[in-house]
Amino acid sequence: MAPKVLMVAEKPSIALSIASALSGGRMSSRRGSTDVHEFESMFQGFHAQFKVTSITGHVFSVDFPSTYQNWQVTDPVDLFKAPVLKLESNPKSHIRRHLSHEARGCNYLVLWLDCDREGENICYEVIECTGFDENEAGRKILRAKFSSVTEKDLLIALENLVKPNKAEALAVDARQEIDLKVGVAFTRFQTSYFQGKYGNLDSRVISYGPCQTPTLGFCVQRYMQMTTFKPEKFWSLNLHIIKDGHELRLEWERDKVFDFDVAVMFQKLVLDGNILEVTYVSKKEESKTRPCGLNTVDLLKVASSALGLGPHVAMQLAEQLYTQGYISYPRTESTAYPATFDFSTVLGAQLSNPLWGNLVKSLLADGFNKPRIGSDAGDHPPITPLRAANEEMLGNDAWRLYQYICQHFIGTVSPDCKYTRTKIEFAASGEIFHCIGQHVSTKGFTSIMPWMAISEKNLPHFMKGEKINILNVELHEGCTAPPDYLSESELISLMEKHGIGTDASISVHINNICERNYVQVNSGRRLVPTALGTTLIRGYQCIDADLCLPDIRSFIEQQITLIAKGKVDHVHVVHHVLQQFTQKFLYFVKKIENMDVLFEAQFSTLAESGRLLSKCGKCTRYMRYIATQPSRLYCISCEEVYYLPQSGTIKLYKELACPLDGFELVLFSMAGPDGKSFPLCPYCYNSPPFEGIDTLFGVIKLGNSGKLGKGAGMPCFLCPHPTCRHSIITQGVCACPECMGTLILDPVSAPKWRLYCNMCNCMVSLPHGAHRISTTGKKCPDCDSTIIEVDFNKKTTPLGDGATLHSGCILCDDLLHSLIEMKHGKSFFRRGRGRGRGRGRGGRSRGRGGFKLEDPKMSFRDF
DNA sequence: GCAAGGTC
């Protein structure tokens with residue numbers, strides 16, 4: 001039987017290229033989690049059946065077990081020693097199931113992941129999913145090494161399959177674990193510490209990361225240079241002459257001096273001599289070289305500085321252009337084209353362009369230049385256009401980005417720009433002056449990239465030894481100026497230089513520090529650090545400057561490189577690095593007050609922030625509501641913070657209190673005109689009373705998304721399952737007749753509903769056949785308790801035909817009594833003992849306490 | 001609620 005070969009690529013586009021190349025275009029494709037291409041061909045000397053499919057980047061990502069997920073319970077320092085789980089990154093895409101299914105019955109697994117460390121790591125993720133075993137007899141795992149996806153390179157790779165490199169994969173495992181533990185530990189600690197003290201930090205989370213923090217560090221460093229800059233006055237000489245009827249200004253060789261008297265002395269010296277002699281005339285052929293291929297970092301820099309598009313947006317647009325087939329893969333480090341690159345075809349696609357079609361035509365006719373040799377990172381070819389496009393097809397921003405990619409590509413195959421540079425030097429009383437002229441002979445690539453053009457400057461003719469009269473010598477006073485805020489483009493260069501982030505992640509880190517409110521993008525796309533950003537960096541500098549220096553990333557990289565090279569065991573390296581970071585963390589915690597004094601000077605404490613809103617259940621005093629993110633309540637006397645759901649508004653809810661803890665309920669309304677509202681208890685929201693349930697009285701998940709959103713409703717808090725149809729008595733405001741505690745609808749007994757009170761463990765049965773219980777929002781005129789509605793299902797009701805909806809007060813028999821009696825002849829509820837809403841506060845009861853459904857003594861009245 | 005790295 002013909003052997004079966006499963007091939008897996010890192011992304012769908014590569015799987016398609018591989019299948020087309022190996023099958024000669026004769027394959028069939030079917031849809032799956034990712035597409036599968038099937039064909040038959042020769043493999044290792046045999047006729048074989050091939051399947052080529054792909055994943056979409058990493059299949060797994062690392063995280064902590066659920067026992068470490070609670071911020072209140074877990075001490076961040078414990079995270080350094082915590083176990084780490086690999087979980088499917090995107091469970092909904094079912095990549096794992098897909099690979100496992102496709103691998104069934106296959107004899108060979110060929111891994112076509114990108115040829116870098118991350119790719120090597122993903123190889124082992126794929127192996128894990130397919131169930132292949134390296135030591136298994138009869139099944140083989142092979143790795144294809146390729147530097148481009150041209151047919152030729154892919155066929156060569158197929159002939160030279162190797163084994164995947166475990167050491168490189170382990171280096172990535174190490175990086176993942178270190179990044180996770182360090183990032184999460186510091187983030188949780190400093191978030192809890194500062195959010196628990198200050199009210200106007202205006203960031204949901206005070207994050208720390210070995211990439212994002214040094215990125216912020218660069219912005220703040222420039223800001224510090226600006227604020228500490230001391231301007232200095234300087235003076236220079238502007239010397240003018242007239243030659244062939246043209247006035248000409250000459251540059252002073254000394255440029256500027258910082259002493260006024262010295263400047264005046266030079267001015268006098270030159271004026272007294274009054275004659276200028278040409279001492280040197282040079283004329284040189286110069287050239288400005290055409291660009292190398294375009295990589296991601298250069299694209300992002302141009303997008304920011306010339307097109308005004310931020311890196312995050314630029315990457316989104318590039319991604320869109322790529323998936324629509326207008327450009328090649330946009331995430332690459334390489335500026336060198338592969339040897340087999342087909343320039344004519346790429347150029348040919350641009351012939352129809354109205355702006356540069358003619359230029360392309362002449363390049364194709366006259367023979368275009370081979371691009372300059374750039375650097376080959378072994379990942380993907382430089383970014384080039386593929387299909388022709390116009391503005392209508394792409395939309396303005398995508399079109400401008402596409403246009404640049406085209407111009408750059410055409411530039412790379414155009415001639416260099418050639419020009420003549422003339423320099424004339426003059427002397428006057430021993431002082432040297434000069435002027436420079438430029439004349440372009442070949443525009444070359446600057447025709448298509450006009451912003452790179454050499455400016456023409458014609459000079460009159462000068463002869464060596466020629467003497468010229470000085471027209472005047474002006475003393476110009478200037479002042480040194482501080483540098484401007486760091487531009488995005490400069491930041492990208494710094495990140496690249498220091499190895500912070502990768503081509504794919506640089507834009508993410510910059511976006512992160514913006515979203516966390518550490519920097520703001522100013523006009524001209526310059527990054528202005530916020531008070532929060534500068535305070536954080538100044539704080540790290542006070543405690544441990546390493547934490548915000550780029551070396552922190554290079555240290556990790558250098559350590560894991562030892563693993564990749566097989567020099568040190570990965571467990572040892574991880575242990576060693578984490579031990580160092582644990583020490584740094586403990587020292588940071590110990591010295592946090594040094595950072596805190598900076599925060600104190602900059603921000604308002606929680607006690608000074610927000611406004612009084614709702615009562616604390618512990619001290620019964622009003623708590624302050626802080627609306628800036630993260631929105632929360634702060635009790636000044638208890639010094640406790642209660643976080644609230646974000647992105648919405650909060651107001652007091654009917655002055656009702658939660659029966660479990662006495663905290664006043666608040667109403668959360670989601671943002672937007674149709675935003676739903678949910679009542680919630682601030683205490684329960686922060687520490688859910690029932691295990692596995694997000695919160696009592698409102699909020700949180702419903703629907704498949706598991707998030708608040710369109711279609712979300714109030715869940716049954718007894719049964720957290722999203723499809724549970726049990727409703728709770730709305731907002732739980734019906735009071736228990738015994739103790740005035742809130743009665744909770746018990747779905748366990750459905751369809752024979754019961755209400756139970758978990759304060760006093762009593763229970764009230766409701767009529768059999770009731771299929772919905774809810775509150776009316778109306779109050780009983782007698783006792784001020786809430787009137788409930790009992791909706792009976794006609795078919796099952798023992799009450800007889802016509803029984804539909806009954807309203808009544810749960811405390812005051814009268815209303816309910818009379819209503820029910822009309823149909824039934826007896827009351828459901830015993831008369832309540834108390835009247836009014838006074839309620840003793842019991843201890844907080846966790847879980848369902850002593851409530852026993854089957855215990856008849858507990859039953860208030862078993863109907 | 002948290003990192004950084006893939007990719008869509």
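Within every chain, numbering begins at 1; the chains are lettered A, B, ... in the order of the sequence lines, protein sequences first and strands thereafter. Values below: every heavy atom of this structure, side chains too, minus hydrogens, waters and symmetry copies.
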(message) From the set dC8(B), dA3(B), dG1(B), return the single nucleotide nearest to any side-chain atom of Pro12(A).
(response) dC8(B)

(message) Between dC2(B) and Gln69(A), counting only base atoms on the nucleotide and side-chain atoms on the residue, is there a donor-acceptor pair under 3.5 Å?
(response) yes

(request) Figure out the CD/C1' separation between Gln324(A) and dC8(B), and round it to whole Å. (result) 13 Å

(message) Whole angstroms only, please: what is the CD1-P distance between Ile560(A) and dA3(B)?
(response) 18 Å

(request) Using the test side chain to side chain contact (heavy atoms under 4.5 Å, CB included), find all partners of His312(A) that sit at least two apart in sequence or belong to another chain. (result) Gln316(A), Asn511(A)

(message) Just to be sure I understand the rule, does Val172(A) reach a base, reach only the sugar-phosphate, or reach nothing, if contact means heavy atoms closer than 4.0 Å?
(response) nothing

(request) Please identify each residue that fulfils ring-ring contact (aromatic ring centres under 6.0 Å, His included) with His498(A), with sequence neighbours left out. (result) Phe218(A)

(message) Rounded to whole Å, how long is the line connecting atom CD1 of Ile206(A) with atom P of dG1(B)?
(response) 16 Å

(request) Check each residue of residues 492-504 of chain A for a non-hydrogen atom within less than 4.0 Å of any atom in DNA chain B, then write out the ones that pass by number, or none. (result) Gly501(A), Thr502(A), Ala504(A)

(message) Rounding to an integer number of Å, can you tell me how far Tyr208(A) OH sits from dA4(B) P?
(response) 9 Å

(message) What's Asp114(A) touching, base or sugar-phosphate or nothing? Going by heavy atoms closer than 4.0 Å.
(response) sugar-phosphate

(request) Determine whether more than 12 heavy atoms belonging to other residues, nucleotides or ligands lie under 6.0 Å from atom CZ of Arg387(A). (result) yes

(request) Could you identify which residues of residues 310-322 of chain A place a heavy atom less than 4.0 Å from some atom of DNA chain B, listed by residue number, or say none? (result) Glu319(A), Tyr322(A)

(message) Going by the rule salt bridge (charged side-chain N to carboxylate O under 4.0 Å, His left out), which residues pair with Lys197(A) if we only count those two or more places apart in sequence or in a different chain?
(response) Asp596(A)

(request) Please evaluate the base of dC8(B) for a donor-acceptor partner in the side chain of Thr56(A) within a cut-off of under 3.5 Å? (result) yes

(request) Answer yes or no: are there more than 12 heavy-atom neighbours, outside Glu639(A) itself, under 6.0 Å from its atom CD? (result) no

(message) Just N and O in the side chain of His509(A): are any of them under 4.0 Å from OP1 or OP2 of dG5(B)?
(response) yes

(message) Base, sugar-phosphate or nothing for Ser93(A)? Non-hydrogen atoms, less than 4.0 Å.
(response) nothing

(message) For residues 76-86 of chain A, which residue pairs pass the side chain to side chain donor-acceptor pair (under 3.5 Å) check, not counting sequence neighbours?
(response) Lys86(A)-Asp173(A)

(message) Let me spell it out: for each of Leu79(A) and Glu10(A), pick the nucleotide of DNA chain B with the closest heavy atom. Which residue's pick is nearer the 5' end?
(response) Leu79(A)

(message) Here's a test of your reading of the structure: between Gly57(A) and Trp71(A), which maps to the more 5' nucleotide of DNA chain B?
(response) Trp71(A)

(message) For the CG atom of Leu79(A) and the CZ atom of Phe189(A), what is their distance to the nearest 0.5 Å?
(response) 13.0 Å

(request) Look at the rings of His380(A) and Tyr329(A) and say which category their plane angle falls in: under 30° parallel, 30 to 60° tilted, over 60° perpendicular. (result) tilted

(message) So, using salt bridge (charged side-chain N to carboxylate O under 4.0 Å, His left out) as the criterion, who are the partners of Glu177(A) when residues are at least two apart?
(response) Lys181(A)

May I have the list of side-chain donor-acceptor pairs in residues 557-564 of chain A shorter than 3.5 Å, sequence neighbours left out?
| from | atom 1 | to | atom 2 | distance (Å) |
| --- | --- | --- | --- | --- |
| Thr561(A) | OG1 | Arg117(A) | NH2 | 3.0 |
| Thr561(A) | OG1 | Glu557(A) | O | 2.6 |

(request) Just compare dA4(B), dG6(B), dC2(B) and give me whichever is closest to any side-chain atom of Arg204(A). (result) dC2(B)

(message) Please report the distance, rounded to the nearest Å, between CZ in Phe64(A) and P in dG1(B).
(response) 16 Å

(request) Give one of base, sugar-phosphate or nothing for Arg553(A), where a contact means two heavy atoms less than 4.0 Å apart. (result) sugar-phosphate

(request) Taking salt bridge (charged side-chain N to carboxylate O under 4.0 Å, His left out) as the test, write out the residues that go with Asp35(A), two or more places apart. (result) Arg31(A)

(request) Within residues 181-190 of chain A, find the residues that approach DNA chain B with a heavy atom at under 4.0 Å, and present them sorted by residue number. (result) Gly183(A), Val184(A), Thr187(A), Arg188(A)

(request) Respond yes when some side-chain nitrogen or oxygen of Gln176(A) is under 4.0 Å from OP1 or OP2 of dA3(B), and no when none is. (result) no

(request) Ignoring the backbone of Asn90(A), work out which of dT7(B), dG1(B), dC8(B) is nearest its side chain. (result) dC8(B)

(message) Classify Gln646(A) by what it touches in the nucleic acid, base, sugar-phosphate, or nothing, heavy-atom distance under 4.0 Å.
(response) nothing

(message) From the set dA3(B), dG6(B), dA4(B), return the single nucleotide nearest to any side-chain atom of Arg175(A).
(response) dA4(B)

(request) Would you mind reading off the distance between Ile95(A) atom CD1 and dC8(B) atom P, rounded to a whole angstrom? (result) 11 Å

(request) Respond yes when some side-chain nitrogen or oxygen of Tyr329(A) is under 4.0 Å from OP1 or OP2 of dT7(B), and no when none is. (result) yes

(request) Among the candidates dG1(B), dA3(B), dG6(B), find the nucleotide nearest to the side-chain atoms of His58(A). (result) dG6(B)

(request) May I ask you to say what Leu180(A) touches in the nucleic acid, namely base, sugar-phosphate or nothing, with a heavy-atom cut-off under 4.0 Å? (result) base

(request) Check side chain to side chain contact (heavy atoms under 4.5 Å, CB included) between Ala157(A) and all other residues, then give those that pass, not counting sequence neighbours. (result) Trp112(A), Ala144(A), Phe146(A)

(message) Tell me the interatomic distance from Tyr642(A), atom OH, to dG1(B), atom C1', rounded to whole angstroms.
(response) 19 Å

(message) Nearest to the side chain of Thr191(A), heavy atoms from C-beta on, is which of dG5(B), dG1(B), dT7(B)?
(response) dG1(B)

(message) Holding to ring-ring contact (aromatic ring centres under 6.0 Å, His included), I want the full list of residues that pass it with Phe186(A), two or more places apart in sequence or in another chain.
(response) Tyr208(A), Phe585(A), Phe588(A)

(request) Mind calculating the distance between CZ (Phe581(A)) and C1' (dC2(B)) to the nearest angstrom? (result) 16 Å

(message) Show the nearest heavy-atom pair for residues Pro330(A) and Thr296(A), with the distance to one decimal.
(response) O-OG1, 2.8 Å

(request) Describe the nucleic acid contact of Pro630(A) in one word from base, sugar-phosphate, nothing, applying a heavy-atom distance below 4.0 Å. (result) nothing

(request) Have a look at Arg516(A) and say if it touches a base, only the backbone sugar-phosphate, or nothing, with a 4.0 Å heavy-atom cut-off. (result) sugar-phosphate

(message) Between Ser505(A) and dA4(B), is there a contact of a side-chain N or O with OP1 or OP2 at under 4.0 Å?
(response) no

